[in-house]
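Written below as structure tokens is the structure these notes are about.
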Amino acid sequence: MAFNKSMVILAILCFILVQELEIYCGNQHMVAAERIDCAGKCNYRCSKSSRHNMCIRACTGCCKKCNCVPPGTSGNKDKCPCYASLTTHGGKLKCP
């Protein structure tokens, strides 16, 4: 019986820790009130890309997760920290 209570308490504490870490890391998708136009923003962001379709696919996924796309066609990732911090399984930056 004590083992089950301990596991429940541990699970609750882990859940709280994960929530606090997401808020601390600045994941904007947690507090976003309105969704932005990801298609329009990503279309402009990828307009000068040599691999347009791949750029659009990556940008759209990042935008949906972060609800943010940096201004311009490249750079400016400091304007959107969540977008700039997403990585692939291989550890490379995911968002264009």
Side-chain angles (χ1 to χ4, degrees):
M1 187 72 172
F3 179 73
N4 289 338
K5 287 181 182 177
S6 297
M7 293 301 288
V8 170
I9 291 171
L10 182 61
I12 291 171
L13 290 175
C14 287
F15 177 75
I16 292 170
L17 177 65
V18 167
Q19 294 300 314
E20 289 298 318
L21 286 175
E22 285 183 359
I23 292 169
Y24 178 75
C25 291
N27 283 347
Q28 295 175 353
H29 69 279
M30 297 296 291
V31 294
E34 272 187 47
R35 303 301 298 174
I36 65 169
D37 175 25
C38 289
K41 297 237 181 215
C42 287
N43 198 31
Y44 179 73
R45 178 90 176 159
C46 297
S47 62
K48 295 183 180 178
S49 174
S50 61
R51 301 178 79 183
H52 185 75
N53 290 339
M54 183 181 287
C55 181
I56 290 287
R57 189 171 50 239
C59 180
T60 303
C62 295
C63 178
K64 286 180 180 178
K65 185 164 188 151
C66 297
N67 196 38
C68 180
V69 175
T73 56
S74 67
N76 300 318
K77 290 188 178 182
D78 58 320
K79 306 287 185 202
C80 188
C82 171
Y83 187 95
S85 66
L86 295 178
T87 57
T88 64
H89 294 291
K92 296 181 180 179
L93 294 176
K94 179 177 183 173
C95 308

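A quick note: this is a predicted structure, and the numbers were derived from the prediction, not measured.
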Exercise. What pair of heavy atoms forms the shortest contact from Ile56 to Cys46, and how long is it?
Worked result: N-SG, 3.5 Å

For this session: Mind listing the closest non-hydrogen atom pair of Asn67 and Glu34 along with its distance?
Result: ND2-O, 2.7 Å

Seminar exercise, completed: dist Lys79:NZ -> Cys68:SG (nearest 0.5 Å) comes out at 10.5 Å

For this session: Compare the SG-SG distance of Cys80 and Cys66 against 2.5 Å and report whether it is shorter.
Result: no

For this session: Taking the side chain as every heavy atom from C-beta outward, state whether Asn43 and His52 have any pair of such atoms under 4.5 Å apart.
Result: yes

Exercise. Nearest heavy-atom pair of Lys77 and Pro70: which atoms, and what distance?
Worked result: CA-CG, 4.0 Å

Exercise. Between Cys38 and Cys59, does the SG-SG distance stay under 2.5 Å?
Worked result: no

Exercise. Is it the case that one hydrophobic cluster holds both Ile36 and Tyr83, taking links as side-chain heavy atoms less than 4.5 Å apart, direct or via other members?
Worked result: yes

Exercise. What is the minimum heavy-atom distance between Pro81 and Asp78, and which atoms define it?
Worked result: CD-O, 4.1 Å

Exercise. Roughly how far, to the nearest 0.5 Å, is NZ of Lys48 from SG of Cys55?
Worked result: 13.0 Å

Seminar exercise, completed: Hits for side chain to side chain contact (heavy atoms under 4.5 Å, CB included) against Ser50, two or more places apart or cross-chain, chain-then-number order -> none

For this session: With the side chain counted from C-beta on, respond yes when Val8 and Ile12 share a heavy-atom pair under 4.5 Å apart, and no when they do not.
Result: yes

For this session: Any chance you could lay out the disulfide (SG to SG under 2.5 Å) test for Cys42 and Cys63, step after step, and finish with the verdict?
Result: CA-CA 8 Å; Cys42 287; Cys63 178; 4.9 Å; no

